[in-house]
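The structure under discussion appears below in the form of structure tokens.
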Amino acid sequence: MAWISEALQVYGFINRQHLQRKFDISCPQAAIDFREYQKRHPGAMEYDASRKAYVSASKLDS
């Protein structure tokens with residue numbers, strides 16, 4: 001969860017492939033991790049379908 005927060009802060013976005021590569025996990029596990037992150041941090045990120053990535057809510061405002 002901390003790494004997701006850090007990636008959103010530094011890069012402004014993150015996707016499942018980032019988690020898969022970093023932690024050597026499956027695509028379904030990455031999706032589960034994102035759901036858990038959203039549950040713990042509501043409103044912190046939103047899915048951008050055109051980018052196929054989660055974007056930091058603070059980056060959406062800029």
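Computed over heavy atoms, backbone and side chain alike; hydrogens, waters and symmetry mates excluded. Nothing here was measured: the structure is a model prediction, and the numbers come from that model.
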Which atom names give the shortest non-hydrogen contact between [X] and [Y], and what distance separates them?
X	Y	answer
K22	W3	CE-NE1, 3.4 Å
A57	G43	CB-O, 3.0 Å
Q20	C27	NE2-N, 3.5 Å
V55	L8	C-CD2, 4.1 Å

Kindly compute the distance separating OG (S56) from CG (D48), expressed to the nearest 0.5 Å.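 Result: 12.5 Å between the selected atoms.
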Let me confirm one number: the CD1-OH distance from I4 to Y54, rounded to the nearest 0.5 Å.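 Separation between the atoms: 9.5 Å.
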Classify the ring geometry between H41 and Y37 as parallel (under 30°), tilted (30 to 60°) or perpendicular (over 60°).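 Ring orientation, 0 to 90° scale: tilted.
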Does R21 have any side-chain contact (heavy atoms from CB on, under 4.5 Å) partners at least two apart in sequence or in another chain, and if so, which?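 R21: side-chain contact (heavy atoms from CB on, under 4.5 Å) contacts with Q17, H18.
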List in chain and number order the residues that pass side chain to side chain donor-acceptor pair (under 3.5 Å) with Q29, two or more places apart in sequence or in another chain; answer none if no residue qualifies.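 Once residues adjacent in sequence are excluded, the partners of Q29 under the side chain to side chain donor-acceptor pair (under 3.5 Å) criterion are D33.
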With E6, which residues qualify under salt bridge (Lys or Arg N to Asp or Glu O under 4.0 Å), at least two apart?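 Once residues adjacent in sequence are excluded, E6 has no partner under the salt bridge (Lys or Arg N to Asp or Glu O under 4.0 Å) criterion.
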With a 4.5 Å cut-off on side-chain heavy-atom distances among I, L, V, M, F, W and Y, is there a chain of contacts connecting M1 to I32?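 No, M1 and I32 fall in different hydrophobic clusters.
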